[in-house]
Amino acid sequence: MRVLKQLVLILVIGVLCLSGTLDGQAASKEEQRVLKEYRSLKFGLTVTQIAKIMYGASYKQHLKQTNGATVFKKKANWTQNEKGYRERGYSFYDRSKTLPRLMTLEFHTRKNQTTYFLVQKTLQFSADTNSGLRESTRMLKHVTYIRGDETEAELDELLSGKGLGQVGMRWSLDYTSVQTKRERKEYKYRGQMKIYTFKSSNPKKQIEVMMDFDYQKKQYVMNNYSIHPIKPK
């Protein structure tokens, strides 16, 4: 529940702080670069290792020591210290004219230790839309066609055009680096999700779809969807 509350907060912050439009080919090239960097931020890396990837040779300028731990100098969105486990979350804004976005990183320590490891990250693309996130240009033929467990390929068959279009948000987590074997059995420790917003055959409504990655099938599968009214501007 705490993770969901933090995600909602992050979304609100992103909508308030970012705005912009996309510009075809320029955004496409920029997005490839952004996704490459985002994927290079591997789970289990320390704050120092993440800083090296993000800032290169100047990484030390962005770090400091707090209570015996290396953390980012920038103010954390939130911190927590409970039962020997420390947690910190950060937001990184990029107000690019072609691809405005917000990336959040969450770090945890192992019990009674001070080294922070990356355990969760999100990447949301902001736009001047009803949802505040970038929306796909694809249109769903009719919401009644959805079963609710479609793969990406099956969902593609229900949409206009080829492919699912632009994703609004990516969210993934992996707590392996800070969990014991027992904890991995007791708690969900990894996952990946993508959020799309599609146009509806009803011009006053749109469909938000969440896709979860199925590690056994090695593909994204629809987890949930919801219908939202489009607010007049």
Side-chain angles (χ1 to χ4, degrees), residues 1-8 10-11 14 28 31-45 50 53 101-108 117-125 131 133-201 205-228:
M1 182 61 70
R2 182 179 63 79
V3 171
L4 291 176
K5 288 181 180 178
Q6 290 167 4
L7 178 59
V8 171
I10 288 167
L11 286 170
S28 177
E31 185 166 351
Q32 290 179 18
R33 178 183 60 78
V34 169
L35 288 177
K36 183 178 180 180
E37 179 181 8
Y38 179 72
R39 289 165 178 155
S40 70
L41 304 178
K42 304 292 186 181
F43 293 116
L45 292 183
I50 293 294
I53 295 172
R101 57 194 179 272
L102 167 65
M103 181 174 68
T104 63
L105 302 178
E106 182 175 330
F107 297 87
H108 286 208
F117 299 91
L118 181 65
V119 296
Q120 190 170 174
K121 59 183 180 178
T122 67
L123 178 61
Q124 55 181 303
F125 299 102
S131 65
L133 295 176
R134 183 175 67 174
E135 298 174 354
S136 173
T137 58
R138 302 291 185 258
M139 178 181 289
L140 185 66
K141 296 173 183 177
H142 201 286
V143 68
T144 56
Y145 293 168
I146 296 179
R147 297 191 313 270
D149 61 351
E150 282 84 356
T151 64
E152 287 184 293
E154 291 172 332
L155 181 58
D156 187 14
E157 292 296 319
L158 305 178
L159 299 171
S160 62
K162 184 177 180 181
L164 305 187
Q166 295 173 316
V167 63
M169 178 179 174
R170 297 172 182 271
W171 180 24
S172 53
L173 56 92
D174 190 333
Y175 289 80
T176 308
S177 60
V178 296
Q179 286 182 317
T180 63
K181 290 183 178 180
R182 180 179 177 181
E183 287 172 332
R184 292 173 200 166
K185 293 180 179 179
E186 294 178 351
Y187 307 103
K188 181 180 179 181
Y189 64 92
R190 65 173 181 169
Q192 298 181 57
M193 182 184 74
K194 293 192 291 187
I195 295 179
Y196 292 90
T197 301
F198 300 114
K199 297 179 182 297
S200 167
S201 53
K205 295 182 179 180
Q206 56 187 185
I207 299 93
E208 183 180 270
V209 173
M210 289 185 287
M211 307 288 291
D212 277 348
F213 189 74
D214 187 316
Y215 287 91
Q216 291 185 333
K217 297 180 180 179
K218 296 184 178 180
Q219 61 180 334
Y220 278 94
V221 179
M222 188 187 299
N223 171 269
N224 193 16
Y225 73 92
S226 54
I227 303 172
H228 301 281

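Heavy-atom basis, side chains included; hydrogens, waters and symmetry copies ignored. When a residue number appears, it is its place in the shown sequence, counting from 1.
- Across L155, L158, T137, a single residue satisfies side chain to side chain contact (heavy atoms under 4.5 Å, CB included) together with F198, and that is L155.
- Between F117 and H108, a ring centre-to-centre spacing not shorter than 6.0 Å is recorded.
- A donor-acceptor pair is defined here as one N or O able to donate and one able to accept, closer than 3.5 Å; no such pair exists between the side chain of N223 and the backbone of M210.
- Ion pairing of E186 with K181 is absent here, as no side-chain N (NZ or NE/NH1/NH2) approaches a carboxylate O to less than 4.0 Å.
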Apply salt bridge (Lys or Arg N to Asp or Glu O under 4.0 Å) to K141 and E157, showing your working. CA-CA 9 Å; K141 296 173 183 177; E157 292 296 319; over 6 Å; no

Stepwise side chain to side chain contact (heavy atoms under 4.5 Å, CB included) check, E208 with N224: CA-CA 8 Å; E208 183 180 270; N224 193 16; over 6 Å; no

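- Using modelled atom types, no side-chain atom of T151 and backbone atom of V221 make a donor-acceptor pair closer than 3.5 Å.
- Side chain of R138 to backbone of K162: a donor-acceptor contact under 3.5 angstrom is found.
- For K194 and E152, the salt-bridge test passes: some basic side-chain N is under 4.0 Å from an acidic carboxylate O.
- A cation-pi arrangement is found for R190 relative to Y215, the charged atom lying closer than 6.0 Å to the ring centre and inside a 45° cone about the ring normal.
- A salt bridge is absent between K199 and E135: the closest approach of a Lys/Arg side-chain nitrogen to an acidic carboxylate oxygen does not fall below 4.0 angstrom.
- Not a single donor-acceptor pair under 3.5 Å links the side chain of R184 to the backbone N or O of Y189.
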Decide yes or no on side chain to side chain contact (heavy atoms under 4.5 Å, CB included) for V119 and T176, but give the supporting numbers first. CA-CA 8 Å; V119 296; T176 308; over 6 Å; no

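- Checking Q166 against Y196 by side-chain atom types alone, no donor-acceptor pair falls below 3.5 Å.
- Between H142 and Y145, the ring planes lie tilted relative to each other; the angle falls in the 30° to 60° range.
- The number of heavy-atom neighbours closer than 6.0 Å to CZ of R182, taken from other residues, nucleotides and ligands shown, is 12 or below.
- W171 and Q124 share no donor-acceptor pair across their side chains, judged by distance under 3.5 Å alone.
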Stepwise, does the side chain to side chain contact (heavy atoms under 4.5 Å, CB included) test hold for T104 with K121? CA-CA 5 Å; T104 63; K121 59 183 180 178; 5.9 Å; no

